[in-house]
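Everything on this sheet refers to the single structure shown next.
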Protein chains: 2
Amino acid sequence: MSLDYTNSIPLHVQLKQKIEQNVYNGRYADKIPSERELMDEYYVNRSTVRQSIQQLVLEGILVKKPGKGTFIAVSTINDWLGSLSSTSENMEKMGMTPGAKLITLQEIELFGRLKKLPSWKRPTILKE
Amino acid sequence: MSLDYTNSIPLHVQLKQKIEQNVYNGRYADKIPSERELMDEYYVNRSTVRQSIQQLVLEGILVKKPGKGTFIAVSTINDWLGSLSSTSENMEKMGMTPGAKLITLQEIELFGRLKKLPSWKRPTILKE
DNA sequence: GCCAATTTGTACGTATGTATT
DNA sequence: TAATACATACGTACAAATTGG
């Protein structure tokens with residue numbers, strides 16, 4: 001969905017919130033769309049896109065890598081893991097057996113995304 | 001002095017350093033020049049000026065006030081005071097008598113600038 | 001190693017809005 | 001009201017890093 005140009009909230013703030021939502025609801029896995037793609041999707045200037053992203057970088061949610069793209073920060077992923085700690089413990093105890101059905105659909109998607117990460121940045125409980 | 005366009009160091013970084021120097025050596029007292037003035041002095045675009053200032057704001061050195069200008073942060077002034085603590089104690093003990101000649105010229109200038117601040121943000125040792 | 005495509009970085013310019021004096 | 005100063009948003013161009021053919 002596009003941004004609200006009639007809204008008094010600045011476009012770069014609105015876009016920042018959109019991106020943040022997509023990071024936390026799992027629509028963005030590991031890497032977020034390029035600046036070019038965000039421009040085309042939300043009909044805003046590159047300056048505006050960069051302003052939105054910069055805020056999220058300052059908040060430690062995203063990390064930029066010149067020539068590669070903008071990625072979800074490792075610390076952000078660790079935050080997700082923290083919220084899953086109890087479930088993780090259960091999974092360790094059960095060895096990922098039927099009891100795992102107790103975790104929510106959202107959490108299943110999260111684990112799916114975490115497993116896509118390169119092994120060196122993959123959380124211990126998901127290694128091997 | 002102007003910036004070095006042949007240098008590989010980005011202009012906004014060079015300008016940031018210039019401003020920072022002028023804050024700490026006392027050429028800027030309380031308020032720094034407007035974006036327009038910095039553009040004219042260093043021959044750079046307003047975007048570049050704003051980028052430099054933004055960094056200093058993020059580092060807590062400057063504070064921006066829409067419609068008024070950009071100011072040296074109170075915390076920055078407190079840092080200055082911290083470096084003068086021993087001298088301050090001496091001054092308290094001596095009641096600002098001849099012994100004060102021991103402080104450096106730079107410190108004298110600093111005190112001069114601090115006294116220009118509005119009373120509500122003036123450090124206690126300078127109130128009276 | 002080279003080249004082209006992609007992506008972020010730097011720097012410029014312009015216009016209009018909002019806040020303060 | 002007018003002038004000043006920062007905020008938002010648009011646009012352009014080229015540089016530098018990375019990747020894949």
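Computation of the quantities below employed the complete heavy-atom set of this structure, encompassing side-chain atoms and omitting hydrogens, waters and symmetry-equivalent molecules. Protein chains get the first letters and strands the later ones, always in sequence-line order, with residue 1 at the start of each.
- For residues 11-18 of chain A, proximity to DNA chain C is found at no residue, defined as any non-hydrogen atom under 4.0 angstrom from a strand atom.
- For the pair B:P10/B:V13, a side-chain contact is recorded, criterion being any heavy-atom separation below 4.5 Å from C-beta on.
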So which protein N/O to nucleotides 13-21 of chain C N/O distances come out below 3.5 Å?
{"from": "C:dG13", "atom 1": "OP2", "to": "B:N45", "atom 2": "ND2", "distance (Å)": "3.4"}

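- Residues B:Y28 and B:V63 do not share a hydrophobic cluster, clusters being chains of Ile/Leu/Val/Met/Phe/Trp/Tyr side chains in contact below 4.5 Å.
- Distance A:Q51 CD to C:dG9 P: 14 Å, rounded to the nearest Å.
- None of A:I61, A:L38, A:L15 except one satisfies the side-chain contact (heavy atoms from CB on, under 4.5 Å) rule with A:I53; the exception is A:L38.
- Taking side-chain N and O atoms only, A:T70 has no distance below 4.0 Å to OP1 or OP2 of C:dT7.
- Distance CZ (A:R50) to C1' (C:dT7): 10 Å, rounded to an integer number of Å.
- What separates NZ of A:K31 from P of C:dT6 is a distance of 12 Å, to the nearest Å.
- Nearest-nucleotide positions on DNA chain D for B:I53 and A:T48 put B:I53 closer to the 5' end.
- Salt-bridge formation is not detected for the pair B:R36/B:E41: no Lys NZ or Arg NE/NH1/NH2 atom is positioned less than 4.0 Å from an Asp or Glu carboxylate oxygen.
- For A:K64, no side-chain nitrogen or oxygen approaches OP1 or OP2 of C:dT7 to under 4.0 Å.
- Taking side-chain N and O atoms only, A:Y5 has no distance below 4.0 Å to OP1 or OP2 of D:dT8.
- Across the protein-nucleic acid pair, B:N7 atom CG and C:dG9 atom P stand 20 Å apart, rounded to whole Å.
- When every heavy atom of B:V57 is checked against every heavy atom of B:K64, the shortest pair comes out as CG2-CG, 3.8 Å.
- Considering only heavy atoms from C-beta on, B:D40 stays 4.5 Å or farther from B:E37 through its side chain.
- Neither OP1 nor OP2 of C:dA11 sits under 4.0 Å from any side-chain N or O of B:Y42.
- To the nearest 0.5 Å, atom CD of residue A:E59 and atom CD of residue A:Q54 are 11.0 Å apart.
- Rounded to a whole Å, the CD1 atom of A:I32 is 18 Å from the P atom of C:dT6.
- For the atom pair A:E35 CD and A:M39 CE, the distance stands at 8.5 Å (nearest 0.5 Å).
- The distance from atom CD of A:E35 to atom C1' of D:dG11 is 15 Å, rounded to the nearest whole Å.
- Between A:L11 and A:Y5, some side-chain heavy-atom pair lies under the 4.5 Å cut-off.
- The nearest whole Å value for the distance from the CG atom in B:D40 to the P atom in D:dA5 is 11 Å.
- Atoms CE (B:M39) and C1' (D:dC6) sit 13 Å apart, rounded to a whole Å.
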